[in-house]
Amino acid sequence: MGLMDGKRGLILGVANELSIAWGVAQQLRAAGAELAFTYLNDSLEKRVRPLAESLDAKLILPCDVARDEDIEALFAELEKAWGKIDFVVHAVAFANREDLKHGFSQTSREGFRLALDISAYSMVAVTRCAVPLMNPGGSIVTMTYLGAARVIPDYNIMGVAKAALEASVRYLAAELGGRGIRVNAISAGPIKTLAASGIANFREKLRVGEERSPLRRSITQDEVGKATLYLLSDLSSGVTGEIHYVDGGFNVTA
Ligand code: NAD
């Protein structure tokens with residue numbers, strides 16, 4: 001018997017096999033969950049489709065979270081195919097490389113808007129469309145980073161976007177708790193992914209994490225996957241509105 005037997009849910013944010021969302025998907029499937037995936041555009045579809053199919057996914061759908069109509073169409077497809085869902089994993093973020101390179105005060109108005117829209121507002125929009133389909137006991141998890149709570153060099157506008165995301169998690173949790181739906185975030189330590197390649201001096205962040213975290217090493221996608229499995233399963237039935245650190249303890253010693 002798997003922890004997620006009989007449960008169905010959506011994973012947003014697989015770009016390739018390095019994606020945190022892919023680590024999450026593997027853990028969920030191994031625990032018995034049935035998964036649906038999204039991809040951002042045609043070139044990513046070529047990467048995502050074979051990965052999703054390798055986990056027996058039948059629903060592999062396009063979604064640009066900047067577009068309400070995409071999000072609405074996505075959940076309409078899920079409703080048609082499944083009726084109800086049990087969980088959503090939101091592992092999506094974006095900021096212009098330009099806006100991450102210079103001092104924070106140089107962030108453009110459009111760059112600020114874009115980072116907040118894709119990385120924080122999308123969680124609100126996705127949750128709004130997911131809720132009508134969710135079974136009681138449903139759970140939603142998003143991915144954040146310590147740069148929301150502290151100044152991490154070079155994280156800049158993404159830190160502000162993650163702060164908005166973390167506050168959104170608390171407000172969504174408060175609104176939806178009465179309906180039996182839980183909303184949490186995982187704050188992961190640095191992992192080499194496509195998105196991480198946009199952060200300047202990323203290797204340095206890995207090195208500092210390895211040196212200063214209590215576990216003295218970087219964490220893996222699988223470890224984020226296992227923590228997400230906990231937050232999506234009944235094991236965490238009393239947990240909502242939390243920022244759950246999976247960073248080898250770095251946040252307590254940094
Ligand atoms: P990734 O590049 O593999 O994943 C980011 C995903 O966001 C991609 O699948 C991309 O297609 C998607 N995306 C970007 N814009 C989109 C849009 N408009 N519509 C739909 N999807 C869009 O990188 P990752 O590191 O796995 O990132 C996943 C999440 O984890 C992000 O929220 C990221 O901020 C967070 N995170 C990453 C780290 C890290 O060190 N890698 C640490 C903490 C948190």
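All values reported here derive from a predicted model rather than from experimental measurement. Numbering of ligands and ligand atoms starts at 1, following listing order.
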Between R212 (side chain only) and R207 (backbone N and O only), is there a donor and an acceptor less than 3.5 Å apart? no
Sidechain N-carboxylate O distance under 4.0 Å for E166, K162: no
Could you give me the CA-CA distance, side-chain angles and deciding distance for E79 and I85, then say whether side chain to side chain contact (heavy atoms under 4.5 Å, CB included) is met? CA-CA 8 Å; E79 185 172 22; I85 61 171; over 6 Å; no
Could you label the plane-to-plane angle of the H244 and Y230 rings as parallel, tilted or perpendicular, counting under 30° as parallel and over 60° as perpendicular? tilted
CG-CG distance between N184 and L232, expressed to the nearest 0.5 angstrom: 9.0 Å
Across all chains, not counting sequence neighbours, the salt bridge (Lys or Arg N to Asp or Glu O under 4.0 Å) partners of E72 are none
Could you tell me, for ligand 1, which of its N or O atoms are under 3.5 Å from any protein N or O, listing the pairs and their distances rounded to 0.1 Å?
unit_1: ligand 1; atom_1: 2 (O); unit_2: A195; atom_2: N; d: 2.9
unit_1: ligand 1; atom_1: 3 (O); unit_2: S19; atom_2: OG; d: 2.6
unit_1: ligand 1; atom_1: 9 (O); unit_2: G13; atom_2: O; d: 2.8
unit_1: ligand 1; atom_1: 9 (O); unit_2: A15; atom_2: N; d: 3.4
unit_1: ligand 1; atom_1: 18 (N); unit_2: D64; atom_2: OD1; d: 2.8
unit_1: ligand 1; atom_1: 19 (N); unit_2: V65; atom_2: N; d: 2.9
unit_1: ligand 1; atom_1: 23 (O); unit_2: T193; atom_2: OG1; d: 3.2
unit_1: ligand 1; atom_1: 25 (O); unit_2: T193; atom_2: OG1; d: 2.6
unit_1: ligand 1; atom_1: 26 (O); unit_2: I20; atom_2: N; d: 2.8
unit_1: ligand 1; atom_1: 32 (O); unit_2: V92; atom_2: O; d: 3.4
unit_1: ligand 1; atom_1: 32 (O); unit_2: K162; atom_2: NZ; d: 2.9
unit_1: ligand 1; atom_1: 34 (O); unit_2: K162; atom_2: NZ; d: 2.9
unit_1: ligand 1; atom_1: 40 (O); unit_2: I191; atom_2: N; d: 2.8
unit_1: ligand 1; atom_1: 40 (O); unit_2: I191; atom_2: O; d: 3.3
unit_1: ligand 1; atom_1: 41 (N); unit_2: I191; atom_2: O; d: 2.9
unit_1: ligand 1; atom_1: 41 (N); unit_2: T193; atom_2: OG1; d: 3.3

